[in-house]
Asks: 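The structure under discussion is supplied below as structure tokens; questions concerning it will follow.
Given the structure is predicted, the values throughout are model-derived calculations rather than measurements. For this chain, numbers begin at 1 and follow the sequence in order.
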Amino acid sequence: MYYPDPPPRRRSGSAVSGVLMTMLVVGTVLGLVVATHPGYEAGTIRALVADVVSGDAWRTEDPWSEQVPVSGAPLEANGSGDYTFAMTQPGSDEPVGYDPCTVVEVVVNPEGAPDGYAEMVDVAVQRTAEATGLDLRLVGETDDRDFLERQAGDPVLIGWADEEEVPALAGETVGIGGSSALERAGVRHYVTGTVVLDVDVPRAGRSGVVAQTVLVHEFAHLVGLGHVDSPTELMHPSPVTTAYGPGDLAGLAALGSVPCR
């Protein structure tokens, strides 16, 4: 999620109750917030649209064309960069991630989606899978709109909504993403999550670069990345790139390399 100006830094993690298995929430997706990401704001979208149309700053070609997939393994970062994790293991700086030894199922609710949404989601899933090595699989479409109450066993839900349905989209916010974690014996893994874009997010450029960039950014939140201060990384609140930076790739690779549960 992006802001026109960098938001205040927030800590990841939260106090955990003493029960053996505890559902935790990360992101601005659900009512119980453990680690929050300020919203991707409309002011930034308007700037992106202007740049794409003019061709001054943003590419209208495929922004991912230089990132070659590595089958079965995360993409490697060229150079160094910044990354943060949305949540870390209790008493550790090790990241919380999805189980790399299981399939992460993804479903799409197309209600309110823009033309070309299927390709947009395909690209976001593919790039996230390539960058992490996770087995993210699109398993179909759904009429499920339970964005706010994902439970263990539910697939990841992708959709479009307005602020009346998802209050976190109020004001300037145009995209949110995050996941729920299950803790067993002191170790946390994400088990499901949500990515929701505002129904008014525009598409611009012949490849829909604006909406695509928002969606890929939110998918990175979904699998566990937080915001960074470097504008050359996609996970900056107002990035100057439409593709992963070296820090993004390093962080996503780490998230795909957590121990199997």
Side-chain angles (χ1 to χ4, degrees), residues 1-2 4 27-29 39-67 69 104-131 136-148 150 155-178 193-223 234 238-239 241-244:
M1 290 159 281
Y2 303 165
T28 52
V29 176
Y40 192 134
E41 288 206 346
T44 301
I45 291 291
R46 287 191 289 271
L48 294 185
V49 172
D51 286 337
V52 170
V53 171
S54 69
D56 290 339
W58 290 80
R59 291 180 289 182
T60 56
E61 300 293 336
D62 179 2
W64 313 99
S65 60
E66 297 176 0
Q67 298 184 355
V104 180
E105 294 188 341
V106 180
V107 295
V108 180
N109 186 313
E111 182 179 340
D115 293 341
Y117 73 88
E119 181 181 359
M120 286 174 50
V121 175
D122 282 343
V123 169
V125 168
Q126 178 187 2
R127 299 311 177 189
T128 308
E130 289 168 358
L136 296 169
R137 295 188 195 176
L138 277 169
V139 296
E141 296 190 347
T142 179
D143 59 2
D144 183 3
R145 298 193 66 78
D146 197 358
F147 298 117
L148 304 182
R150 308 307 293 163
V156 169
L157 177 60
I158 313 302
W160 287 257
D162 59 23
E163 65 183 81
E164 291 186 8
E165 184 175 12
V166 179
L169 292 172
E172 293 282 281
T173 304
V174 294
I176 58 174
T194 303
V195 169
V196 189
L197 269 59
D198 193 288
V199 292
D200 293 326
V201 173
R203 289 176 60 84
R206 68 186 184 192
S207 60
V209 64
V210 172
Q212 188 71 73
T213 300
V214 178
L215 190 59
V216 174
H217 178 102
E218 301 306 339
F219 261 79
H221 282 319
L222 172 78
V223 297
L234 189 64
S238 301
T241 180
T242 56
Y244 296 132

Asks: Specify the closest pair of heavy atoms between V166 and A161, including all atoms of both residues, with the distance to one decimal.
Replies: CG2-CB, 3.8 Å
Asks: Atom CE of M120 and atom OG1 of T213: how far apart are they, to the nearest 0.5 Å?
Replies: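 These two atoms lie 9.5 Å from each other.
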Asks: What residues form a side chain to side chain contact (heavy atoms under 4.5 Å, CB included) with V104, not counting sequence neighbours?
Replies: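 Scan of V104 (side chain to side chain contact (heavy atoms under 4.5 Å, CB included), adjacent residues dropped) gives Y98, L136, V156.
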Asks: Quick check: do F219 and R127 have side-chain heavy atoms less than 4.5 Å from each other?
Replies: no
Asks: Check salt bridge (Lys or Arg N to Asp or Glu O under 4.0 Å) between D122 and all other residues, then give those that pass, not counting sequence neighbours.
Replies: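 By the salt bridge (Lys or Arg N to Asp or Glu O under 4.0 Å) rule, D122 matches no residue at all.
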Asks: Who passes side chain to side chain contact (heavy atoms under 4.5 Å, CB included) against V199, sequence neighbours left out?
Replies: W160, D162
Asks: What distance separates L197 CG from H217 NE2, expressed to the nearest 0.5 Å?
Replies: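 Atom-to-atom, L197:CG and H217:NE2 are 10.5 Å apart.
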Asks: Name all residues meeting the side-chain hydrogen bond (donor to acceptor under 3.5 Å, both in side chains) criterion together with E141; count only those two or more places apart in sequence or in a different chain, and write none if there are none.
Replies: Y117
Asks: Could you give the distance from CD1 (I176) to CG (L169), rounded to the nearest 0.5 Å?
Replies: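 Atom-to-atom, I176:CD1 and L169:CG are 5.0 Å apart.
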Asks: Does a side-chain heavy-atom distance below 4.5 Å link L234 with V216?
Replies: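 Contact flag for L234/V216 side chains = yes.
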Asks: Would you mind reporting whether T173 and D198 have side-chain heavy atoms less than 4.5 Å apart?
Replies: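 Counting from C-beta outward, D198 and T173 never come under 4.5 Å.
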Asks: Got a sec, which residues hit salt bridge (Lys or Arg N to Asp or Glu O under 4.0 Å) with E165, two or more places apart in sequence or on another chain?
Replies: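 If we apply the salt bridge (Lys or Arg N to Asp or Glu O under 4.0 Å) test to E165, skipping adjacent residues, the hits are R145.
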Asks: Give a yes or no answer on whether the side chain of N109 reaches the backbone of D144 with a donor-acceptor pair at less than 3.5 Å.
Replies: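 Yes, N109 side chain to D144 backbone: donor-acceptor pair under 3.5 Å.
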Asks: Using a 4.5 Å cut-off on heavy atoms from C-beta on, say whether the side chain of L138 contacts that of V108.
Replies: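 The answer is yes, as the side chains (C-beta and beyond) meet within the 4.5 Å cut-off.
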Asks: Identify the two heavy atoms, one from L215 and one from I158, that lie closest to each other, and give their separation to 0.1 Å.
Replies: CD1-CG2, 4.4 Å
